[in-house]
Amino acid sequence: MSTERRFRTPMTSVAPSGEPDLRFDCRVVCHAASLAADACLYASPDKNHYGESAVQLYAVADGYVMRFPRVADFTLTPGHIDCQLRDPALDYMVEVCLLGHVFSCYLELSGITALHAGAVEVDGRAVLFAADRTGGKSTLVTSLVEAGFALLADDISALTITAQGARCLHGFPQLKMTPEQARRFVTGEQDYPLVHPAFTKLSVPLQALGRAQTEPLPVAAIYLLAREREAGPDARTQIMPVPASEAVMHLARHSFLWHLLETQRGGRAFAPGAAQSAAADLRIDRFMRLSRIAAQVPVRHLHYPSGYQWLPDVHQAIVDDVTTL
């Protein structure tokens, strides 16, 4: 991605290998563009302070507009994301929106699956971790990075499907941590910015804790986390396979924008690359991609005891399991 914007979280610089495949621009526009009501494909059930759907998706002539009312409009077209910010005082929201809903939507429209999962490198392959809220994903991924495993993605894992199998792309070099996690894993006192003023999680640059893996890697496994909070002295880590028929449902549930993609009306993918059919319905295309991922990649249940003291044992269980796949 190329951009002239300076992000709060330092981005990873990589050696140029031809033209970038995505351009991001941002500017302040005081008045929102008029969008036809019948062009709205999705309006979130969550409302803002004015009773408006907090996230809206519209189809336009050359792409899509993802609207965050009274905050910003993001126009998504092949190879380009353009942000029109309503108020300079809301500049911090650009990254909140872009690095979450907007970028995930762009990936899905481009034929790339965006899973709500963290990913690290283990033995030259990508290992993904998905969990429900409070399932321990952030703690486990952060502890693995602190232990020396390279980070591919903290929150959004982007998967492509090739003839050789599924591959995980490098994401943004940041870790979202609670203040408690930052005190435990990051050396030295630092004032890290909040991810969002309404929440306590901090945006910690990866360089404060570990290293990034910047090349795409084949996916070894996807682990569905189940943290056991009432662990006794005999607690242990257990890893169990998930049948492919069930794996598709789990992957759908852990897609970053599953609610949007399941309820949108008539959306069509666009094709930054020639591999994606521009006429494919988003829901059908997404289901087919998830099915192929489930057929190619082992999906596993990972049950492990809660508590920082157990994390080294969990790390070893993951490494041992990956070597058998």
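Contact annotation: the side chain of Val314 never approaches that of Leu144 to less than 4.5 Å [non-hydrogen atoms, C-beta and beyond]. With contacts defined as side-chain heavy-atom distances shorter than 4.5 Å, the pair Tyr304/Arg227 qualifies. Counting only heavy atoms from C-beta outward, the side chains of Val186 and Tyr192 approach each other to under 4.5 Å. Gln213 has its side chain out of reach of Cys168: every pair of non-hydrogen atoms, C-beta onward, lies at least 4.5 Å apart. When side chains are defined from C-beta on, Arg86 counts as touching Val29, because their heavy atoms get closer than 4.5 Å. In this structure the side chain of His254 reaches within 4.5 angstrom of the side chain of Leu224, judged on heavy atoms.
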Inset, instruction - Given side-chain contact (heavy atoms from CB on, under 4.5 Å), test Phe149 with Val141 step by step and report yes or no. - result: CA-CA 9 Å; Phe149 296 86; Val141 170; over 6 Å; no
Inset, instruction - Please step through side chain to side chain donor-acceptor pair (under 3.5 Å) for the pair Lys47 and Ser53, ending with a clear verdict. - result: CA-CA 4 Å; Lys47 309 293 184 183; Ser53 292; 3.3 Å; yes
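Minimum heavy-atom separation, Val322 to Ala220: CG1-CB, 4.1 Å. The two residues Gly124 and Leu217 have their closest heavy-atom pair at O-CD2, 3.6 Å. When all heavy atoms are compared, the tightest approach of Leu209 to Phe185 is CD1-O, 3.0 Å.
For Arg27 and Asp25, the salt-bridge test fails: no basic side-chain N is under 4.0 Å from an acidic carboxylate O. Taking 4.0 Å as the cut-off between side-chain N and carboxylate O, Arg184 and Glu146 do not count as a salt-bridged pair. By the 4.0 Å N-to-carboxylate-O rule, Asp155 lies close enough to Lys137 to be salt-bridged with it.
The cluster map of Ile, Leu, Val, Met, Phe, Trp and Tyr, joined by side-chain heavy atoms under 4.5 Å apart, puts Phe199 and Val96 in different clusters.
Aromatic rings from Phe172 and Phe103 are positioned such that their centres are separated by under 6.0 Å. Between Phe74 and Phe68, a ring centre-to-centre spacing shorter than 6.0 Å is recorded.
When only modelled atom types and interatomic distance are considered, Thr162 and Arg167 share no side-chain donor-acceptor pair under 3.5 Å.
For the atom pair OH (Tyr106) and OG (Ser104), the distance works out to 13.5 Å, reported to the nearest 0.5 Å. Once rounded to the nearest 0.5 Å, the distance linking CG of Leu115 with CZ of Phe129 reads 13.5 Å.
Open room surrounds CD on Glu4; 12 or fewer heavy atoms of other groups in view lie less than 6.0 Å from it.
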